[in-house]
Participant: 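Pasting a structure here, questions to come.
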Amino acid sequence: MLEDEYQLDFFKNNGFVRKQCQKCGKFFWTRDPERNTCGDAPCDPYSFIGSPVFSREFNISEMREYYLSFFEARGHTRIDRYPVVARWRDDIYLTIASIADFQPFVTSGQVPPPANPLTISQPCIRLNDLDSVGRSGRHLTTFEMMAHHAFNKRDNEIYWKEHTLELCDELLTSLKVDPFAVTYKEEPWAGGGNAGPCVEVIVHGLELATLVFMDLKTDKKGDILIKGETYSKMDNYIVDTGYGLERFAWASKGSPTIYDALFPGIVNELMGLAGIEHELDNSEYANILAQNARLAGFMDVSEKANLIELRKKVASSIGMTVEKLSAIMEPVEKVYAITDHTRCLTFMLGDGIIPSNVKAGYLARLVLRRTLRMMKDLDIRIPLSEIVDMHIKNMPEYPEFRNNFPVIQDILESEEEKFNATMERGRRIIQKSASHFKKTGEKIPLSQLTELYDSHGIPPEMAKEVAAEIGVGVEFPDNFYSIIGELHNKAEAKEEQVIPFAERLIHLPKTKRRFYDEPTRLDFEAVVLDVFDNHIVMDNTFFYAEGGGQPADLGTVTCGDAMYRVVDVQVYEGIIVHTVDIPGRKLEITKGDIITGKVDEKRRMALARHHTATHIVNDAARKVLGKHIWQAGAQKFEDHSRLDLSHYRHISPQEIRQIELLANRTVMENKRVVTEWMTRTEAEQIYGFGLYQGGVPPGEKLRIVKVGDDVEACGGTHCLSTGIIGPIKILKTERIQDGVERIEFAAGDAAVRAMQKMESLLVDSAKTLSVPPEHLPVSVERFFGEWKDLKKENERLKEELARTRVYRMLGDASEVAGLRVVAESVVGADSLELQKIATELLKQENVVALLASDVEGVKLVASVGEKAIKCGINAGNLVREMSKIVGGGGGGKPSFAMGGGTDPTKMQDALARGLELVKDACKEA
RNA sequence: GGGCUCGUAGAUCAGGGGUAGAUCGUUACGUUCGCAACGUAAAGGCCGCGGGUUCAAAUCCCGCCGAGUCCA
């Protein structure tokens, strides 16, 4: 149905013909009338390996520069790359394409693009083909998508399909690509709620670029069907191209693998460290790699079965056994993967991702640990930071990485330590489990293996290895990781936020938010636009609606004689809804009424203080801890505020004190808080993405708030100058996730109260010990030490007392069938004391002891010597019977048992019953 | 955001309602010119914190704090 979309004058005027691929059935355009296949793998093999397709070789920097200046010379503005962590998006963690930079606000037309048309080389990270990296010869986790974009509107078209194709063809021609070798394959594109026609640009089996013409959006009522979804045309339509920088460089060199083309220095260095002779001059060796890459181009090698298939094919094509080939390829593939992964880490950490166990941080740790495992396999013993350093040296065009290197190095070091600790712990756990199954003669079952992986991070490969050392097998199926996947596949769909009264709200205009223009004013009049239940919408308001981690303003609205308390204020699509409290009466406000509003000043000020203070603490933390500090969340309250920061280790007490001091200095400087509205693009260009500490607000215009050195896009209410905040007191820090530290603090009145509370805790504690507060630490330590000593002393004394009692008791003991039976109540003895006595008596093998005391109800202890046990006397049974009498229960081993009850008056009865039981048992024996 | 595992001696960990244990380390003594090794002995525990159940909780239940780990 999109066929017409591809009938371009460009093709017609340049001698192209449209053909259908004999192998895959897809349509493509070519200048070569003889061609019958689309040119893409697997229909056509890689034919550029060993025969480069450009007139000269390019490395990455040269290729990037060639591309960008090519498009600059043709009317495009070059713009700087965006970070690889997509901080301006809340739907993805990583930047996966150049167009991601402009979603959602530019692509939707809400915000103008930074330039139009523009060209960019955007580093992207995709981890979906992680298992293929290194094996296929072509997969990368990190790549630069070179692109030119044109953002068209119906009334303002920059250029569309024809010119895009012209530019692409001109670019390839300028690189001296054989025009007959280029094919343009028709391949409708869809993703992320948009779609459109698209052509893939293929040269010698390698897809070099994708030209997407995004002009459709998902629409349930749409009449265009693509891949099972319906779409309709958009008012704005976008040229979204993607040229693979690394693939261009590879094609220019024709190396056996993309890795050898991109970073030969690092590959060679690592090969050397792994003891691999990586001599691409050796034609036999180079041929193995080339053949592997060519054949891997046909298949998805992330599947184990496919990988085995690939090995067989390569082996037979070069006349080698599969075993020998695997032995050669596996280490080489690992070196390639390590090279790629460390480049990925360079971008991730360089752009400020902190490894963690959640979100983007988890992805960084995933890549990092994969790398460490492979390095361990190859016995490459250098710190990760050394390899990252090599990448940074290779990329002088990213000076920010060099600047961040000390922090990167620090992070990598602590991650390596954590990894080693985890592996060491894992090794012990497996050893324990393996020796357990060695006894039973079984394999370690799958359930155990999944738990080891899921709960302890022990890869099954490692479990297998360690278990083998002990001589135990493991149940390790090929689909292990998909089993793990299923374990986690029970995720429930999250509820969508339901907007109440949505159908009535859509007819209302956006509420004018007057607190921005007159931040100190709290009284106002407004016209009621609509009322439903106890919710009121007005034409304007001074009430701040909950948002940006700041709770709503509260206060009152008055209409005539009726006054209502405002208990909540929310905003829906710019319309502010005030909720009032009407316990047991009717709301006497109707549409068209004029009301008087009054905002609770105390609350407003407390929240403003905490909000402005949050910006200051965030800035102070960045100054103390480093530039990688990023706000991971924040919430303000009247009496405290909390701020979550990305950081790779615990914030030390010294650092906290420093942050607190710095924050209070900013307060004391009493700097004016400046707010201004700017267009999004302008603000991003001036201040960078650091603006989005508190998330990405929608809309074309941003409210920029400057507090001291801190600049953020923020819609909250703030103090007019920092001095108004008053003192800032940090209350505590905690680690809410790996890689995220939470700072809780109070500002203004709340800070003073917090300090007073802390002081009274101190004073009260000191009073109890009758010492001045400054002696508290020493005194507490002394008391605790003494308490421990006394506890020990007490126990020793009880033992001694027990020993002396034992002599007397043995003397008083009655004799039953050659056994010495003690049945006594010990006044004032607790259960510990009874135990000591019973234990002492147990040293005599012919003794039966029945002891009781009436401390805390009734305690009973029985001990039975070895000889007595042989007579059939069981301490557990005795205590069980005796305990019943005193209204409780008990039990234990044949030689020693404890019990008790609640009724002390029956204590003697219980002892008598015990004695009786002993006598009975002796008779029977 | 969701799931799982774990907090016991300085370290590593057993135990899993009824007398708190092992190994290493520490200290002392013995052997030695001394060290290592060995032998003997000792010291070292709010069993993470707070509730609950029970005659009795390190152990079971709930909450909190802390650590680890997997997935989206």
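Hydrogens, waters and symmetry mates play no part in the numbers below; they use all other heavy atoms, side chains included.
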Participant: Atom NZ of A:Lys418 to atom C1' of B:A67: distance rounded to whole Å?
Facilitator: 11 Å

Participant: My understanding is that only one of A:Lys859, A:Arg803, A:Arg805 makes a salt bridge (Lys or Arg N to Asp or Glu O under 4.0 Å) with A:Glu833; could you say which?
Facilitator: A:Arg805

Participant: Check this for me: A:Glu546, atom CD, are more than 12 non-hydrogen atoms of other residues, nucleotides or ligands nearer than 6.0 Å?
Facilitator: yes

Participant: Please determine whether a side-chain nitrogen or oxygen atom of A:Arg735 lies at a distance below 4.0 Å from atom OP1 or OP2 of B:A67.
Facilitator: yes

Participant: Who are the side-chain hydrogen bond (donor to acceptor under 3.5 Å, both in side chains) partners of A:Glu660, not counting sequence neighbours?
Facilitator: A:Lys729

Participant: For B:U69, take OP1 and OP2 only and decide whether either is under 4.0 Å from a side-chain N or O of A:Arg369.
Facilitator: yes

Participant: What is the distance, to the nearest angstrom, from the CD atom on A:Glu417 to the P atom on B:G68?
Facilitator: 12 Å

Participant: Taking for each residue the nucleotide of RNA chain B with the nearest heavy atom, is it A:Gln737 or A:Leu832 whose nucleotide lies nearer the 5' end?
Facilitator: A:Gln737

Participant: Round to a whole Å and report the spacing from NZ of A:Lys359 to C1' of B:G2.
Facilitator: 12 Å

Participant: Can you tell me which stems RNA chain B forms when a stem means 3 or more consecutive Watson-Crick or G-U pairs under 3.5 Å?
Facilitator: B:1-7 with B:65-71, B:10-13 with B:21-24, B:26-30 with B:38-42, B:48-52 with B:60-64

Participant: Can you name the salt bridge (Lys or Arg N to Asp or Glu O under 4.0 Å) partners of A:Arg87, sequence neighbours left out?
Facilitator: none

Participant: Give the minimum heavy-atom separation between A:Gln635 and A:Gly549, together with the two atoms involved.
Facilitator: NE2-O, 3.2 Å

Participant: Please determine whether any donor N or O and acceptor N or O are separated by less than 3.5 Å between the side chain of A:Ser455 and the base of B:U69.
Facilitator: no

Participant: NA contact type, A:Phe419, heavy-atom cut-off 4.0 Å: base, sugar-phosphate, or nothing?
Facilitator: nothing

Participant: Are A:Phe896 and B:U19 stacked, counting the six-membered base ring, centres under 5.5 Å, planes under 30°?
Facilitator: yes

Participant: Can you check the A:His650 NE2 to B:G66 P distance for me, whole Å?
Facilitator: 8 Å

Participant: Provide, to the nearest angstrom, the distance between the CD1 atom belonging to A:Ile736 and the C1' atom belonging to B:G1.
Facilitator: 12 Å

Participant: Any pair with a residue in residues 776-803 of chain A that passes ring pair (Phe, Tyr, Trp, His ring centres under 6.0 Å), sequence neighbours left out, goes on the list, sorted by first then second residue, please.
Facilitator: A:Phe784-A:Trp787

Participant: Any salt bridge linking A:Arg796 with A:Glu793? Criterion: basic side-chain nitrogen under 4.0 Å from a carboxylate oxygen.
Facilitator: yes

Participant: Scan A:Val886 against the nucleic acid and name what it touches under 4.0 Å (heavy atoms): base, sugar-phosphate only, or nothing.
Facilitator: nothing

Participant: Touch check for A:Leu860, heavy atoms < 4.0 angstrom, all strands: base, sugar-phosphate only, or nothing?
Facilitator: nothing

Participant: What's A:Ser863 touching, base or sugar-phosphate or nothing? Going by heavy atoms closer than 4.0 Å.
Facilitator: nothing

Participant: With sequence neighbours left out, what residues match A:Arg782 under side-chain hydrogen bond (donor to acceptor under 3.5 Å, both in side chains)?
Facilitator: A:Glu786

Participant: Do A:Asn357 and B:U69 share a donor-acceptor pair, side chain to base, under 3.5 Å?
Facilitator: yes

Participant: Going 5' to 3' through nucleotides 45-56 of chain B, assign each nucleotide B (protein heavy atom under 4.0 Å from a base atom), S (under 4.0 Å only from sugar-phosphate atoms) or - (no protein heavy atom that close).
Facilitator: SB--------BS

Participant: So which one's nearest nucleotide on RNA chain B is more toward 5', A:Ile458 or A:Glu795?
Facilitator: A:Glu795

Participant: Are OP1 or OP2 of B:U69 and a side-chain N or O of A:Arg365 less than 4.0 angstrom apart?
Facilitator: yes

Participant: Hey, does the side chain of A:His456 come within less than 4.0 Å of B:A67's phosphate (OP1/OP2), counting only N and O?
Facilitator: no

Participant: So does A:Lys418 have more than 12 non-hydrogen atoms from other groups sitting under 6.0 Å from NZ?
Facilitator: yes

Participant: Between A:Arg649 and A:Glu741, is there a side-chain N and carboxylate O pair less than 4.0 Å apart?
Facilitator: no

